[in-house]
Structures are given as C-alpha cells and as structure tokens.
> 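Below is the structure I would like to discuss, written out as structure tokens.
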2 protein chains.
Amino acid sequence: MTKEHRITRQRMVILDELRKVSSHPSADDMYEIVRKILPRISLGTVYRNLEVLTEMGLIRKLEINGGVMRFDGDVSKHYHLNCVQCGKVFDIPEDEVSIQFSSDTVNGFHVIDYTLNFVGLCDKCNNSKSA
Amino acid sequence: MTKEHRITRQRMVILDELRKVSSHPSADDMYEIVRKILPRISLGTVYRNLEVLTEMGLIRKLEINGGVMRFDGDVSKHYHLNCVQCGKVFDIPEDEVSIQFSSDTVNGFHVIDYTLNFVGLCDKCNNSKSA
DNA sequence: CTGGATGCAAAGGTTTTGCACGCTA
DNA sequence: TAGCGTGCAAAACCTTTGCATCCAG
C-alpha cells in the first residue's frame with residue numbers, strides 16, 4: 001500500500017507558509033521563512049517535506065531557469081513568467097494563453113502533461129527601463 | 001567590444017559531435033563522447049565550451065526536467081518531449097503545436113521568449129506498455 | 001607575441017542521505 | 001507502541017573557477 005503521510009508541525013507550517021507567499025520561493029527561501037516559526041527545523045526536513053507535499057499534489061515544484069527548484073503553493077493551472085531583469089517569477093493566468101496540439105498524441109508520442117514558462121520583463125522592470 | 005572566440009580543436013569537436021547526435025546529451029555525456037576523440041580533454045573545458053557555443057547561438061541549452069542541463073545541436077525552432085518511462089528526450093516539430101498569447105504583452109508583462117516542454121510516453125515505451 | 005583556451009584540481013552551491021532520537025496516529 | 005519524521009552532519013552531484021601553461025590568430 002501507499003506510504004502513510006503524517007501531519008507533523010513542520011509539514012503543516014511549510015505548507016501554510018508556502019500558500020501565503022506569491023514569490024515562488026526556493027527550498028532555501030522556505031527554510032528561512034519557516035525558521036522564523038520553527039527555529040530548530042533543519043534544511044533537510046524542508047527539502048523532504050517539499051518533496052512529499054509535491055507528491056501529495058498539495059504544492060507544485062517549478063523548474064524556472066535551470067538553477068534552483070522553486071515551489072508554488074498554488075496548484076491551480078497557470079503559467080509563469082521569469083523576469084530577466086529582477087529575476088522574480090510572476091503568475092500568468094491560464095486564459096491568457098492558448099495552446100493546442102493533436103489531443104494526446106503528438107507526432108507519435110503520448111502526451112501526459114506539459115510545462116510552459118515565459119521569459120520577459122515584469123511590469124515594474126519594463127517601466128523603469130523606458131524611463 | 002565583444003570578446004573574441006577562437007576556433008580551437010576542442011571547441012570544434014564538441015560542436016561537431018553534438019550536431020551528430022539526437023540524444024540531447026548532458027555536459028557529462030558530451031565529455032564521454034568527446035573523450036573518444038580527444039582523450040586529454042577536461043570536463044571543465046567541455047562545460048566552458050558548451051556555455052560559449054550557447055552564447056554564440058550555435059547550440060541550445062535545455063532544461064528538461066529539473067536535473068542536469070542538456071544540450072541540443074539543432075537550433076531550429078522545435079519542442080521536446082521527455083519520456084517518463086525511459087527518460088529520453090525527443091523532438092517535436094514546431095508545426096505540431098499551436099500556441100497563442102496576446103502578442104508581446106501578456107497580462108502586463110513583456111514576453112521575450114518562452115519554453116515549452118512535453119512530458120509523456122515515447123512511441124517505443126507506449127507500445128511496450130500496452131503489450 | 002598576446003591573450004583567449006586548456007587541463008587539472010579545488011571550491012561552490014544545491015539537494016540527498018545515514019543515523020539515532022522524537023513524535024504522530 | 002510502531003514506524004514515519006526530524007535534526008544534524010556528511011556525502012553526493014553538478015557546475016564553476018583559479019592558475020600555470022598552451023596555442024590560435
């Protein structure tokens with residue numbers, strides 16, 4: 001049978017805090033955030049829980065720009081834009097983008113899922129650039 | 001002015017070999033491939049050249065599934081599918097997919113580029129699964 | 001010749017893991 | 001009470017970098 005997942009204080013706090021922020025933090029960012037509430041938590045525990053929560057479908061793991069993994073407490077369908085100027089990651093609602101491919105079979109391959117990430121300039125950086 | 005880039009034997013062999021394969025190799029894969037031709041080449045040189053060749057636009061750097069970086073000698077526009085079964089990466093021609101968003105401004109963001117990767121089953125794995 | 005490129009090895013940064021103890025269910 | 005989870009620290013991994021030497025232009 002599937003492995004049992006207990007609700008520990010650490011796991012709960014990590015999930016709660018991740019859901020509060022919109023910054024798409026890295027594991028280390030989460031470590032710093034959670035440490036303010038649970039000062040004795042270890043980085044390993046943060047990594048392990050982010051992994052477990054991802055498996056459970058409660059959070060999403062993002063691979064935005066080849067570097068570190070980022071995490072998202074919002075599991076609803078949406079895309080991301082990585083600002084080349086400030087490096088921050090922003091949400092792009094699903095309905096802003098239209099993507100189509102031959103149902104579940106593209107070029108002989110059975111498509112299960114896809115990831116779509118945008119690279120560009122956020123509102124703030126775009127304005128300060130033209131100023 | 002822009003930094004000069006010399007044509008060294010190592011750089012040439014790396015580019016040639018990458019163009020020959022369709023496996024989207026990692027830096028370490030490339031190291032093993034190139035080592036058969038230049039046994040004394042170092043891993044650092046492979047990394048440095050893959051970086052330079054990417055800057056020069058002669059190859060592409062791919063971030064397929066959060067793990068290691070992979071490289072592609074084909075710089076024409078196309079997408080990739082990562083097979084969940086065998087882990088290999090396959091090309092998907094541009095015309096198999098249609099993607100649209102509000103020109104260069106999506107949700108207030110200035111879009112410069114985007115990456116689209118598919119996850120699924122390759123032809124081979126899909127067939128052996130149903131067998 | 002000049003300075004970009006290489007080989008080697010060490011360092012850097014992120015993520016994983018072994019182990020003894022703690023705590024949830 | 002069983003065994004999953006935790007804290008700590010070491011290890012594993014991938015990638016970058018310092019340095020003396022080499023070589024392309």
Side-chain angles (χ1 to χ4, degrees), chain A residues 1-18 23-56 58-72 82 87 89, chain B residues 1-18 23-56 58-72 82 87 89:
Chain A
M1 65 173 267
T2 317
K3 186 161 54 170
E4 178 201 347
H5 286 303
R6 295 178 180 173
I7 301 173
T8 61
R9 179 123 176 71
Q10 289 87 338
R11 189 160 294 169
M12 214 53 221
V13 171
I14 289 171
L15 178 58
D16 285 349
E17 294 305 306
L18 182 55
S23 57
H24 310 83
S26 66
D28 201 66
D29 293 335
M30 282 307 298
Y31 176 53
E32 292 305 329
I33 290 170
V34 172
R35 213 136 72 109
K36 290 173 184 159
I37 298 162
L38 303 171
R40 296 190 52 72
I41 197 170
S42 73
L43 183 56
T45 294
V46 173
Y47 270 100
R48 271 183 291 233
N49 277 311
L50 288 170
E51 204 57 47
V52 169
L53 292 169
T54 300
E55 281 169 23
M56 295 170 80
L58 296 175
I59 65 174
R60 275 172 64 191
K61 189 194 267 195
L62 312 176
E63 34 180 320
I64 298 293
N65 57 9
V68 303
M69 283 297 187
R70 286 165 165 265
F71 296 87
D72 195 340
N82 184 209
V89 174
Chain B
M1 63 171 266
T2 317
K3 186 159 58 171
E4 177 202 348
H5 286 303
R6 295 178 180 174
I7 302 172
T8 61
R9 179 124 177 72
Q10 289 87 338
R11 189 159 294 168
M12 214 53 221
V13 171
I14 289 170
L15 179 58
D16 286 349
E17 294 305 306
L18 181 56
S23 56
H24 311 83
S26 66
D28 201 66
D29 293 335
M30 282 307 298
Y31 176 53
E32 292 305 329
I33 291 170
V34 172
R35 211 133 74 106
K36 290 174 186 159
I37 297 162
L38 302 172
R40 294 190 52 74
I41 198 170
S42 73
L43 183 57
T45 294
V46 172
Y47 270 100
R48 271 183 291 234
N49 277 310
L50 289 170
E51 204 57 49
V52 169
L53 291 168
T54 300
E55 281 170 24
M56 294 170 81
L58 296 174
I59 66 175
R60 275 173 64 193
K61 189 194 267 195
L62 312 176
E63 31 180 322
I64 298 294
N65 57 9
V68 302
M69 282 298 186
R70 285 167 165 264
F71 296 86
D72 196 339
N82 184 208
V89 174

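Chain letters run A, B, ... following the sequence lines, proteins first and then strands; every chain starts at 1. In what follows, every heavy atom counts, from backbone to side chain, and hydrogens, waters and symmetry copies are set aside.
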> Do B:V68 and B:D28 touch side chain to side chain, with heavy atoms closer than 4.5 Å?
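A side-chain contact is absent here, since even the closest heavy-atom pair is not under 4.5 Å.
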> Looking at A:G87, is its backbone amide N or carbonyl O close enough to the side chain of A:N82 to form a donor-acceptor pair, meaning the two atoms are under 3.5 Å apart?
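Yes: the side chain of A:N82 pairs with the backbone of A:G87.
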> What is the distance, to the nearest angstrom, from the OH atom on A:Y31 to the P atom on C:dT15?
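Rounded to the whole Å, the gap is 14 Å.
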> Using atom CG of B:L50 as one end and atom P of C:dT6 as the other, report the distance to the nearest whole Å.
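To the nearest whole Å, that distance equals 11 Å.
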> Would you indicate, yes or no, if C:dT24 has its OP1 or OP2 atom less than 4.0 angstrom from a side-chain nitrogen or oxygen of A:R9?
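For A:R9, the contact criterion (side-chain N or O under 4.0 Å from OP1 or OP2 of C:dT24) is not met.
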> Give the rounded distance in Å between these two atoms: CZ of B:R40 and P of D:dC22.
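My rounded result for the distance is 11 Å.
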> Side-chain N or O of B:T8 less than 4.0 angstrom from OP1 or OP2 on C:dT6?
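B:T8 to C:dT6 OP1/OP2: side-chain N or O found under 4.0 Å.
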> Any salt bridge between A:E32 and A:R35, counting N to O under 4.0 Å?
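Between A:R35 and A:E32 there is a salt bridge, with a charged N closer than 4.0 Å to a carboxylate O.
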> What is the distance, rounded to the nearest whole Å, between atom CD1 of A:I7 and atom P of D:dG5?
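Roughly 11 Å, once rounded to whole Å.
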> Could you tell me whether A:E63 and A:K61 make a salt bridge, using a distance below 4.0 angstrom between a side-chain N and a carboxylate O?
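Salt bridge: no.
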> On DNA chain C, nearest-nucleotide positions of B:R6 versus B:Q10: which is more 5'?
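Result of the comparison: B:R6.
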> Let me know the distance between CZ of B:R11 and C1' of D:dC22, rounded to the nearest Å.
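The distance from CZ of B:R11 to C1' of D:dC22 comes to 14 Å, rounded to the nearest Å.
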> Pick the nucleotide of DNA chain D nearest each of A:V46 and B:H5; which residue has the one closer to the 5' end?
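Per heavy-atom nearest nucleotide, the more 5' residue is A:V46.
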> To the nearest Å, how far apart are A:L15 CG and D:dG5 C1'?
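About 16 Å, once rounded to whole Å.
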> CG of B:L38 versus P of D:dC23: gap in Å, rounded?
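Distance check: B:L38 CG to D:dC23 P gives 13 Å.
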> If the sugar-phosphate is the primed atoms plus P, OP1 and OP2 and the base is the rest, what is the B/S/- string for nucleotides 9-20 of chain D, using protein heavy atoms under 4.0 Å?
-----SBBBB--
> Scan A:N49, A:L50, A:L58 and name whichever one has a side-chain contact (heavy atoms from CB on, under 4.5 Å) with A:R11.
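Exactly one pass, corresponding to A:N49.
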> Do any N or O atoms from the side chain of B:D16 and from the backbone of B:V13 form a donor-acceptor pair under 3.5 angstrom?
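No, the answer is negative, given that no donor and acceptor are paired below the 3.5 Å cut-off.
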> Report yes or no: does A:H24 contribute a side-chain atom to a donor-acceptor pair with the main-chain N or O of A:V89 at less than 3.5 Å?
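Here the side-chain-to-backbone pair exists.
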> If I take atom CE in residue A:M12 and atom P in nucleotide C:dC23, what distance separates them, rounded to the nearest angstrom?
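Checked: the CE to P distance equals 19 Å.
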